There are 2 protein chains.
Amino acid sequence: MKILIVEDEPKTGDYLKQGLTEAGFVTDLARDGWDGLELAKAGHYDLMILDVMLPGINGWQVLEGVRRAGVDMPVLFLTARDQVEDRVKGLELGADDYLVKPFAFAELLARVRSLVRRGHSSLESTVLKAADLELDLLRRRATRAGRKIELTAKEFALLELFLRRPGEVLPRSLIASQVWDMNFDSDTNVIDVAVRRLRVKIDDGFEFKLIHTVRGMGYVLEAGPEGTIP
Amino acid sequence: MKILIVEDEPKTGDYLKQGLTEAGFVTDLARDGWDGLELAKAGHYDLMILDVMLPGINGWQVLEGVRRAGVDMPVLFLTARDQVEDRVKGLELGADDYLVKPFAFAELLARVRSLVRRGHSSLESTVLKAADLELDLLRRRATRAGRKIELTAKEFALLELFLRRPGEVLPRSLIASQVWDMNFDSDTNVIDVAVRRLRVKIDDGFEFKLIHTVRGMGYVLEAGPEGTIP
DNA sequence: CTTCGACGATCAGGATTTTCATATTCAGGA
DNA sequence: TCCTGAATATGAAAATCCTGATCGTCGAAG
């Protein structure tokens, strides 16, 4: 699995290269946009990681050049914080996923693996839905029945987990390991509290509840009334 | 590399087994103390991960039995939160490292790798020192000139990093990746603020400063007055 | 039908961490 | 020497998250 990294900042570049190499990928690193474009057209990579801010030719231009050259490979791009427009622009130009700096390496690795495995992610897949609830992974924004809902990082992660497994009963241990990267510890009720906070935001004041408790098992996200396995 | 896991709680056990297998280790899982003891004496493992709370025969007893049988292998044990006495007891009985539940899997993996690589960790290595500052990794406690210092999780991690690289100038990007598991983002000053908080606790009111700023480079922990590379 | 116990919900308080705005320091050039 | 911009320090507010206590509810046993 070959990955092309296009990143000018030496620290970030080395960090990515080293981390991905340790994770078993073969990587090439381009220090500016032109080199990146060259390499992308020449070698065939399974993924390109592209920083937006580059000297000379920027990330969008590289992406456009690559696509024009008919090179078809998944692209993960890196944007600065809160540059939502940038992310949207990237998506429209045919990028497949994005990551906001600063990011945890584990996060990057997860996305890289996902992209390498399933190839391009369709644009649609960046919006998760259930009934009238939508979660836009790209814009990091949630809406229910059209109303915008502000979420914190933990709330977002939790809701994303629910939406990725609609109708499934998620035991606390699973939630703990996914959202907290923690082994389960029965002495804490962080999860209950977090679920409550999320409920207040996405269920309170709406027509019907989406998050249901399954006694002794965990929680489910479901549009229907009740009952999973009778 | 073979690892023996002794853990009764099914969820935790499976979680460990799966994660370690994915990381490339061969694992056996014992569901109670007696089985664990049996296996530990029979097969030769490179590491044992031992939960303290087990039905019937507890973790200490397993450890003692193993040591009495003359089996020499590193042992990493898992304790409940805030059971400091337990940890100390474990160390005295010949365990090599510990982890408090709940823990992040990345944390466990780091320790497992370390133990498998270097075999037993001497007890001494769990206390890091620099001048009159001591950091007891086991008890999660810091003292300077005999005075106890309370540290939060982030402060602890930061100080540990400094103490593991005394005299070295640590660039912010390194600190960010180690303590925050984050890629560097120049738009934030979390690191500066964290260093300041740490300074207040370990330098303020003491004879001399330990943490020094190296302009344009980062921070150093040093007993001496100033100057690293002239 | 009532009672009991386990499980979950809820709330307030607090601790920690991050962000933000503002000072201070430092190095190098005028 | 003095000025100036960049880097760092500082203080305080704001956001987020966790802890612990208490209350409510459900289900099974009597």
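Predicted model only: the values in this text are computed from it and were never measured. Residue numbers start from 1 in every chain, and the chains themselves are labelled A, B, ... in the order their sequence lines are given, proteins ahead of strands.
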Enquirer: Measure the shortest side-chain to side-chain distance between A/Leu20 and A/Ile5 over non-hydrogen atoms and say whether it is less than 4.5 angstrom.
Expert: yes

Enquirer: How sharply is the helix from C/dC1-D/dG30 to C/dA30-D/dT1 bent, taking the axes over five pairs at either end and rounding to 10 degrees?
Expert: 0°

Enquirer: Between P on D/dG11 and CG on B/Asp192, what's the gap in Å once rounded to a whole number?
Expert: 14 Å

Enquirer: Identify whether the distance between the nearest side-chain nitrogen and carboxylate oxygen of A/Arg31 and A/Asp8 falls below 4.0 Å.
Expert: no

Enquirer: Under 4.0 Å between a Lys/Arg side-chain N and an Asp/Glu carboxylate O for B/Lys101 and B/Asp51?
Expert: yes

Enquirer: Using a heavy-atom cut-off of 4.0 Å across all strands, would you classify B/Val195 as base, sugar-phosphate, or nothing?
Expert: nothing

Enquirer: Whole angstrom is fine here: how far is it from CZ in A/Phe156 over to P in D/dT16?
Expert: 14 Å

Enquirer: Using a strict cut-off of less than 4.0 Å between a Lys/Arg side-chain nitrogen and an Asp/Glu carboxylate oxygen, indicate whether B/Lys209 and B/Asp203 qualify as a salt bridge.
Expert: no

Enquirer: Please determine whether a side-chain nitrogen or oxygen atom of B/Arg196 lies at a distance below 4.0 Å from atom OP1 or OP2 of D/dT10.
Expert: yes

Enquirer: Give me the distances for all protein-to-nucleotides 13-17 of chain C N/O pairs that come in under 3.5 Å?
Expert:
residue, atom, partner, partner atom, Å
C/dT17, OP1, B/Lys154, N, 3.2
C/dT17, OP2, B/Thr152, OG1, 2.7

Enquirer: Whether A/Arg144 and A/Asp132 form a salt bridge (side-chain N of Lys/Arg under 4.0 Å from carboxylate O of Asp/Glu) is what I want to check.
Expert: yes

Enquirer: Taking only nitrogen or oxygen atoms into account, show me every contact under 3.5 Å that the protein makes with nucleotides 25-29 of chain C, one pair per line with its distance.
Expert:
residue, atom, partner, partner atom, Å
C/dC26, O2, B/Arg215, NH2, 3.4

Enquirer: Cation-pi check, B/Arg147 to B/Phe206: give yes when NZ or CZ is under 6.0 Å from the six-membered ring centre and within 45° of the ring axis, no otherwise.
Expert: yes

Enquirer: Does A/Tyr219 put a side-chain nitrogen or oxygen below 4.0 Å from OP1 or OP2 of C/dC7?
Expert: no

Enquirer: On the nucleotide C/dC7, are OP1 or OP2 found under 4.0 Å from the side-chain N or O atoms that A/Thr213 carries?
Expert: no

